[in-house]
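What follows is a short report on a single structure.
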Amino acid sequence: MESYDPKLIEEKWRDFWRKRGFFKARITDTKRKFYYLNMFPYPSGKLHAGHGRNYILGDAITRFLIMRGYNILNPMGWDAFGLPAENAAIEQGVHPRDWTWRNIQEFKRQFRAWGVEYDWDREIATCEPEYYRWTQWLFLKLYQRGLAYRAEADVNFCPDCDTVLANEQVVAGRCERCGAPVQRRKLVQWFFRITAYAQRLLDDLEKLTGWPERVRLMQRNWIGRSEGARVTFRAEQGDPIEVFTTRPDTLWGVTFLVLAPEHPLVDRLTSPDRRKEVERYREFAARQTEVERLSTEREKTGVPIGAYAENPVNGSRIPIWIADYVLMTYGTGAVMGVPAHDERDFQFALKFGLPVIPVIAPPGGVAKSYLRGGAFREGLPAALKEAGFGVEEEGGSLRVTLSEGEKERYISLVQGYLKPGSWTGVVGAGWQLVFPDRVLNVGSLEEERAALRACQELDPGLGDVRTIAQLLWGVEFYRDLLFHADYGEMINSGPLSGTPGGEAIRRTISWLEARGFGRHEVTYRLRDWLVSRQRYWGAPIPMIHCPRCGVVPVPEEELPVLLPEVPFIGKKGLADIPEFVETTCPRCGGPAKRDTDTMDTFVDSSWYFLRYISPKDDRRPFDPELVNRWLPVDLYVGGVEHAILHLLYSRFITKALYDMGYISFDEPFRRLFTQGMITYPAYRCPTHHWIPPSQVEEGRCPHCGAELEVQVLAMSKSKKNVVSPDELIERYGADTERLYTLFMGPPERDIEWSEEGVRGAWRFLTRLWGLVLGQLPRIREAREPVDPQALDEEGKGLWRKLHLTIKKATEEFEGRLGVNTVIASLMELTGALSGYLERGPGDPRLVRAVIRNLILLLSPFTPFICEELWSRLGEGKSVLETPWPEYDVAALQVGEVEIPVQINGKVRARLRLASDVASDPRKLEEAALSAQAVQARLSGKEVKRVIAVPGKLVSIVAR
RNA sequence: GCGAAGGUGGCGGAAUUGGCAGACGCGCUGGCCUUAGGAGCCAGUGCCGUAAGGCGUGCGGGUUCGAAUCCCGCCCUUCGCACCA
């Protein structure tokens with residue numbers, strides 16, 4: 001028999017689908033439209049097997065949808081601007097466009113080899129003037145609407161990439177792309193006002209029910225809404241100092257203010273004697289890289305600026321400090337220090353000797369008291385125990401743990417035993433210092449000072465201790481109660497003392513608002529999107545700087561602002577090219593300079609899904625009428641790595657265009673599916689860096705024999721751990737690679753590539769090929785429909801299996817996309833067919849029906865072999881013109897079912913029962929109890945209870 | 001530290017609604033074929049046990065006739081955020 005030779009058959013079909021136009025969208029017909037979209041790639045180098053996760057899955061889904069009769073829009077394009085092209089240009093002297101288009105040709109060749117098809121008439125590349133003209137148009141529209149602005153700001157600058165970065169492109173203080181520590185620089189840059197949409201971007205996440213919860217959560221966290229109050233403190237000089245806090249209920253516990261070192265008030269408020277030190281500290285803070293500044297385990301630093309402010313709620317005089325743990329870019333750049341209820345403030349206060357005033361009762365109401373040996377008279381331990389307090393004795397000292405409401409009774413008892421000149425503390429809801437003759441509360445700054453003085457008078461050894469907090473911190477026993485961030489009843493809070501925790505924030509805010517001390521406020525972690533890049537290979541920002549008119553937008557009809565054609569690209573990008581810079585002002589006609597920044601490539605990709613609808617339209621960015629009919633995208637598939645950046649920006653741009661009236665939808669992607677990455681071992685040699693797995697010999701470097709470090713990582717060219725589709729296709733064919741890629745596991749999960757697994761897919765296809773070819777002569781003409789009633793038992797079983805498989809496949813494609821399980825069930829069906837044929841020749845009509853459907857169901861995964869077998873079956877039309885199989889509910893019915901019988905929770909028998917018996921609880925119970933195997937098990941036992949689940953099982957409880 | 005997802009054979013994974021745990025594939029074992037096999041085909045394969053049987057979904061508890069699935073506590077892994085006031 002002719003053996004399976006994918007090389008022979010695949011090439012034959014490679015252009016077939018394209019030529020027949022199956023993947024061409026009928027753009028004006030939107031009755032049964034489906035917009036399927038894969039995230040478009042950055043064309044760098046070649047595709048590897050890991051990329052298949054996205055494109056092969058997409059191809060399978062669209063093939064399914066075509067067979068389901070949908071009018072599919074499945075376009076592909078190129079996110080073609082960006083640094084690698086520019087770096088290649090600088091290094092190799094090629095023009096970035098040539099480099100890019102070479103890669104694009106390579107990608108297209110590989111898509112064709114994979115059998116991954118698109119509507120290529122709609123191909124776009126963001127680096128082409130026909131496209132970036134409209135990216136520039138978008139910029140102008142945002143500018144007109146006040147959503148694009150230029151401002152001086154502290155920005156993230158990557159010294160290796162020679163450009164600024166968006167906040168989203170900084171990961172743990174390092175450049176997302178190259179890993180270099182990011183520097184902070186003050187530069188004038190262009191921003192998009194995404195923060196104006198923070199609340200809507202957050203609220204509308206609720207609407208995105210077709211998105212993975214994980215992605216929605218990541219966006220929610222990134223937007224970082226926090227609700228609280230803005231409170232105005234007043235410096236002694238009179239300047240108001242605005243502070244944002246989520247815990248206005250702790251205002252009475254403020255013992256200091258901290259400003260960010262860059263805070264504009266620092267200069268004005270710093271006292272002359274502190275100026276030198278303040279300047280030193282500010283320089284120190286500015287020198288810190290983001291990485292250093294953010295490192296978690298770092299000790300708090302800061303300096304007082306010699307100024308004081310007044311706490312509006314109680315008039316306390318509190319010192320003002322600067323410290324780099326306060327960020328100028330969040331909130332107001334100033335925070336109130338409440339060391340009793342904020343961990344950072346607590347560390348800061350402890351280190352710098354700032355007082356701590358508890359103002360929120362801890363949860364549970366516990367309190368603790370510690371008595372040093374020698375501080376009390378004999379008999380106290382016994383008296384405490386008799387009174388029912390929890391007491392631990394150790395080396396003569398006492399540790400008392402008090403539960404709620406015991407404090408007063410304890411204090412009066414212990415006072416009677418304290419020796420003169422001794423004291424003890426009670427730490428719980430508030431702190432008290434108990435002396436023989438009095439009790440001092442630590443409820444305000446004055447009280448705290450008084451209490452400290454009292455202790456120091458009695459014990460001159462405490463001269464170095466600067467606060468009660470430091471004093472109490474010295475006692476290990478108290479430590480876990482000195483600070484807590486929980487909500488609770490307000491204490492030591494003047495008029496609001498006693499407010500329960502649940503109402504504390506709300507009531508404090510109304511109290512503040514009534515007195516004009518502050519107001520309710522919401523802040524976001526999200527910052528405006530920095531879109532300027534100081535590079536060549538991007539869309540030029542269409543703005544002109546005129547010495548007379550200021551910043552002037554390029555008139556729309558003059559777009560695009562073309563990238564200058566230059567033989568050499570300097571490191572400074574457009575600023576290096578005088579012909580580009582020098583221009584005339586569109587407003588006054590005088591000499592002016594072009595803006596030399598290009599746009600972040602995320603701007604290019606934040607609207608491309610609109611362009612696919614009318615990619616060649618040279619009058620407008622998109623056809624609004626058609627865009628409104630085709631969008632939102634019905635299914636968008638891409639990697640999770642874009643969960644924040646690309647997806648958040650696209651949502652923002654969509655909302656902005658919606659507000660401007662260009663489109664009638666305000667979310668771009670109805671359903672989002674994030675596929676996992678394919679991983680593979682990556683080997684690293686200490687001297688020779690990454691070694692391709694194929695060159696590794698017994699875990700050693702081929703160059704120096706050194707032991708290699710192995711990590712299983714996402715396939716990536718830079719780590720040399722890629723598997724080449726070209727080689728796979730050469731050895732096994734595209735169908736095998738496709739099948740294995742989709743079978744290896746659930747598409748949303750990261751999975752390690754396995755060479756052996758590929759062989760498994762190959763074996764399956766070989767078997768299928770042999771099976772079908774072997775049956776071909778006898779089923780070729782057996783075209784009459786199957787008569788299910790006429791089938792024997794085996795035949796009925798196979799018939800049912802077929803329909804179960806159709807049901808399974810259809811539901812997965814339409815639901816959670818568990819294509820791995822669809823393939824598993826197709827393998828089962830193939831196995832069932834083999835089994836059926838082993839028992840005898842079988843019914844040729846049934847065999848033909850199973851084979852026919854098997855080919856159709858498998859075709860989205862392995863289109864080449866299926867198209868070939870289909871044509872040999874003599875079906876006439878192509879697979880893609882044939883409707884997807886429908887299952888017959890009647891065929892799912894079974895005459896006989898196997899029902900397990902559990903006795904005391906264990907399966908003890910399996911009964912074959914007619915389905916009408918199995919579906920009737922009473923008959924089922926009867927059948928189970930009378931079965932011999934069950935009877936044997938039940939002898940000598942009393943049946944307590946029988947649960948009969950129709951069609952499922954019987955559970956018997958017996959003693 | 002906070003948040004989320006996850007933990008099932010030797011491995012990837014299945015069990016979608018509380019109802020037969022381990023589908024399907026890999027690997028492994030045995031056999032066939034072969035000059036040979038890193039090819040192919042057939043059979044077996046959760047663990048312990050000769051067997052009867054027992055034990056099994058990270059660990060400990062709970063709910064239930066019945067739990068991989070629900071609840072409580074803990075451990076581990078991965079991801080995201082991380083001095084965000």
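Note on naming: letters A, B, ... go to the chains in the order of the sequence lines (proteins, then strands), and numbering restarts at 1 for each one. All values derive from a computational prediction rather than experimental measurement.
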* Asked: Would T329(A) and R527(A) count as having a side-chain donor-acceptor pair, cut-off 3.5 Å?
  ->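 Present: a donor and an acceptor within the cut-off.
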* So, R759(A) versus Y732(A): side-chain donor-acceptor pair below 3.5 Å or not? -> yes
Contact class for [X] vs. all strands (heavy atom < 4.0 Å): base, sugar-phosphate, or nothing?
| X | value |
| --- | --- |
| V949(A) | base |
| L217(A) | sugar-phosphate |
| I947(A) | base |
| R816(A) | base |

[X] [atom1] - [N] [atom2] separation (whole Å):
| X | N | atom1 | atom2 | result |
| --- | --- | --- | --- | --- |
| N221(A) | G80(B) | CG | P | 12 Å |
| M336(A) | C83(B) | CE | C1' | 16 Å |
| M677(A) | U78(B) | CE | P | 14 Å |
| W769(A) | G40(B) | CH2 | P | 18 Å |
| E641(A) | C81(B) | CD | P | 13 Å |
| W321(A) | C83(B) | CH2 | C1' | 17 Å |
| I644(A) | A4(B) | CD1 | P | 16 Å |
| L205(A) | A4(B) | CG | P | 16 Å |

* List the steps, then state whether salt bridge (charged side-chain N to carboxylate O under 4.0 Å, His left out) holds for R216(A) with E206(A). => CA-CA 8 Å; R216(A) 293 199 281 169; E206(A) 298 299 317; 5.3 Å; no
* **Closest-nucleotide ordering on RNA chain B, the 5'-leading residue of V335(A) and E838(A)** => E838(A)
* To do: Using heavy atoms to find the nearest nucleotide of RNA chain B for Q347(A) and E343(A) separately, return the residue whose nucleotide is more 5′.
  => E343(A)
* Asked: Which dot-bracket notation, 5' to 3', represents the base pairing of RNA chain B when pairs are defined as Watson-Crick or G-U with both distances under 3.5 Å, crossing pairs as [ ], and inter-strand pairs as |?
  -> (((((((..(((......[....)))((((((.......))))))(((....)))..(((((..]....))))))))))))....
Are the side chains of [Y] and [X] in contact, using a 4.5 Å heavy-atom criterion?
| X | Y | answer |
| --- | --- | --- |
| L802(A) | Y887(A) | no |
| Y740(A) | W753(A) | yes |
| L208(A) | R651(A) | yes |
| M827(A) | F743(A) | yes |
| R53(A) | I751(A) | yes |

Quote, to the nearest angstrom, the [atom1] distance that separates [N] from [M].
| N | M | atom1 | answer |
| --- | --- | --- | --- |
| C76(B) | C84(B) | P | 25 Å |
| G37(B) | C28(B) | P | 15 Å |
| A5(B) | A51(B) | P | 44 Å |
| C33(B) | A43(B) | C1' | 15 Å |
| G18(B) | C70(B) | P | 8 Å |
| G58(B) | G53(B) | C1' | 27 Å |
| U8(B) | G12(B) | C1' | 12 Å |
| C47(B) | G56(B) | P | 16 Å |

* Kindly determine whether T195(A) and D528(A) satisfy side-chain hydrogen bond (donor to acceptor under 3.5 Å, both in side chains), including the steps that lead there. => CA-CA 6 Å; T195(A) 52; D528(A) 276 339; 2.7 Å; yes
* **Interatomic distance, F244(A) atom CZ to T332(A) atom OG1 [nearest 0.5 angstrom]** =>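 Spacing of CZ (F244(A)) from OG1 (T332(A)) equals 9.0 Å.
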* Asked: Nearest 0.5 Å, what's the CD1-CD distance between I509(A) and E227(A)?
  -> 7.0 Å
Hey, does the side chain of [X] come within less than 4.0 Å of [N]'s phosphate (OP1/OP2), counting only N and O?
| X | N | value |
| --- | --- | --- |
| R220(A) | C2(B) | no |
| R945(A) | C65(B) | yes |
| S226(A) | A85(B) | yes |
| R749(A) | G13(B) | yes |

* Contacting residues from residues 523-530 of chain A, given that a heavy atom lies under 4.0 angstrom of RNA chain B -> R525(A), R527(A)
* Determine whether the aromatic ring centres of F256(A) and F348(A) lie less than 6.0 Å apart. =>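 Centroid separation for F256(A) and F348(A): below 6.0 Å.
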* Asked: Between Y330(A) and Y325(A), does the ring centroid distance fall short of 6.0 Å?
  -> no
* Measure from the side chain of V326(A), starting at C-beta and using heavy atoms only, and say which of C65(B), C20(B), A85(B) lies closest. => A85(B)
* For each nucleotide in nucleotides 21-33 of chain B, reading 5' to 3', give B when a protein heavy atom comes within less than 4.0 Å of its base, S when such contact involves only the sugar-phosphate, and - otherwise. => --BBSSS------
* Testing L858(A), I806(A), L798(A) for side chain to side chain contact (heavy atoms under 4.5 Å, CB included) with L829(A), which one passes? ->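 Testing L829(A) for a side chain to side chain contact (heavy atoms under 4.5 Å, CB included) against L858(A), I806(A), L798(A) leaves exactly one candidate, L798(A).
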* Should G9(B) be called syn or anti, with syn set as within 90° of 0? ->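 Syn, since the glycosidic angle lies within 90° of 0.
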* Report yes or no: is there a donor-acceptor pair, N or O only, under 3.5 Å between the side chain of E812(A) and the base of U16(B)? => yes
